[in-house]
Structure formats: C-alpha cells, structure tokens
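Written below as structure tokens is the structure these notes are about.
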Amino acid sequence: MAVAPLAIAYWLHMAATVVWVGGLVFQSAILAPSLPPDSDLLERVRRRFEPLAWLSLAVLIGTGLIQMSASPNYSGLLSIRNGWSAAILAKHAAIGVMVLAAAYQTWAVQPRLARLQLALAAGLGTPETKLLLRRRRALLNLQTATSVLVLALTAIARSM
C-alpha cells in the first residue's frame, strides 16, 4: 500500500477517535456532573454530538480496515496467531459494546425519554423519566469507560 493513503487513513482514524472519545469524555466527566440530569443543555449537546459520533464510527471502521490490512501482524479474519491479533480482537469486542450501548441509547432510551418529557411538559408526571435519565447517564459512562479500554488495547497492539 502506498504511504500517502495509509497516512491519510491513520490521520482520519485519529481524528475520528478524538471526536468520538473526546465527546464522550466531555459529556460524562465535565458536562453531565455539572448539570441536573434533565438539563436542556445536556440534551442539546447530546443531540448535536450523536450524528458526529455515528459518523466517527463509520470513519473508524473504514480506516481501521485499511490499517489492519496494511499491518504485517494481520494474518486473516479471526486468525489469532500473536499478541497483536488478540489485542485487536479484544479491542473490536470493546468497540462492539460501545456500539451496542450507543445504539440502545439512540434508538430505545432517547425516543422513550423524549415522549416522557413531552408528557411531563403537559403536566403528566411519570417516575419512569428519572429511571431513563439514570439509564442514559449509565450508558454514557459505559461508553466512556469502554472507550478508555479501546485506547489501552490500541496501545497494547501498537507495542507488539
């Protein structure tokens, strides 16, 4: 593989990682602890970040495949022959957890929470809202913790 396309793939991969992991860390470590769980600002940031996170995931998948195929340690799909391939497999499993948590938050928790918040605005209170707000926070924390694990596994793979 030529150097320029591989360098571009590395750059895009790092940029997408910064966007995704940085956004998660900002929300979970800085923004969420500073605001009430039902904060409008927190919701606006989440809505603004969500498309960037999904775009970052697409970029990470595409550029990750390019990088993996260029690695001399890569010996085929699900071929675990060395420490590098074991670390990469673990990394991809952790990414899978992140994606599942994000998908559950995006397509299950958030729509339900939005409907309940409309009911609250109409004066129809429900205890489920607090549960969903806690679940949203837990999913954000899970994604953030898993992203730190992904970075650690990347470092392990790169050192081999």
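Excluded from the calculations below are hydrogen atoms, water molecules and symmetry mates; all remaining heavy atoms, backbone and side chain alike, are included.
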**Report entry** Residues Ile66, Ile8; criterion side-chain contact (heavy atoms from CB on, under 4.5 Å); working and verdict
**Finding:** CA-CA 10 Å; Ile66 291 168; Ile8 292 169; over 6 Å; no
[atom1]/[X] to [atom2]/[Y] distance, rounded to the nearest 0.5 angstrom?
X: Leu113; Y: Gln105; atom1: CG; atom2: CD; result: 9.5 Å
X: Ile30; Y: Leu35; atom1: CD1; atom2: CG; result: 11.5 Å
X: Leu132; Y: Arg115; atom1: CG; atom2: CZ; result: 9.5 Å
X: Gln110; Y: Arg47; atom1: CD; atom2: CZ; result: 9.0 Å
X: Thr154; Y: Gln67; atom1: OG1; atom2: CD; result: 9.0 Å
X: Arg158; Y: Asn73; atom1: CZ; atom2: CG; result: 10.5 Å

**Report entry** More than 12 heavy atoms of other groups within 6.0 Å of Arg81 CZ
**Finding:**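 Incorrect, the count does not exceed 12.
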Report task. Mind listing the closest non-hydrogen atom pair of Thr63 and Ala9 along with its distance? Result ->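 Reported closest heavy-atom pair: CB-O, 3.5 Å.
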**Report entry** Contact summary for Pro37 and Leu42, nearest pair of heavy atoms
**Finding:**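 Here Pro37 and Leu42 meet closest at O-CD2, 4.1 Å.
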Query - Ion pair check, Glu43 and Arg136, cut-off under 4.0 Å - result: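 Yes, charged N to carboxylate O under 4.0 Å.
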Is it the case that one hydrophobic cluster holds both [X] and [Y], taking links as side-chain heavy atoms less than 4.5 Å apart, direct or via other members?
X: Leu89; Y: Leu60; answer: yes
X: Phe49; Y: Val150; answer: yes
X: Leu116; Y: Leu139; answer: yes
X: Leu57; Y: Leu149; answer: yes
X: Trp107; Y: Leu140; answer: yes

Query raised in the report: Are any of the side-chain heavy atoms of Thr146 and Gln143 separated by less than 4.5 Å?
Result: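 They are not in side-chain contact.
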Query raised in the report: Under a 4.5 Å cut-off applied to non-hydrogen side-chain atoms, are His92 and Met68 in contact?
Result: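 Counting from C-beta outward, His92 and Met68 do come under 4.5 Å.
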Query raised in the report: Among all residues two or more places apart in sequence or in another chain, which pass the side-chain hydrogen bond (donor to acceptor under 3.5 Å, both in side chains) test with Ser28?
Result: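 Listed in chain order: Thr144.
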Side-chain atoms of residues 95-103: list all donor-acceptor pairs with protein atoms under 3.5 Å, sequence neighbours left out, distances to 0.1 Å.
none

Query raised in the report: Under the side-chain contact (heavy atoms from CB on, under 4.5 Å) criterion, do Thr106 and Trp54 qualify, and how do the steps go?
Result: CA-CA 10 Å; Thr106 298; Trp54 287 112; 3.4 Å; yes
Query raised in the report: Is there a donor-acceptor pair closer than 3.5 Å between any side-chain N or O of Ser85 and the backbone N or O of Asn82?
Result: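 It does hold such a pair.
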Report task. Could you tell me whether the side chain of Arg46 and the main chain of Gln27 form a donor-acceptor pair under 3.5 Å? Result ->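 Answer holds: no.
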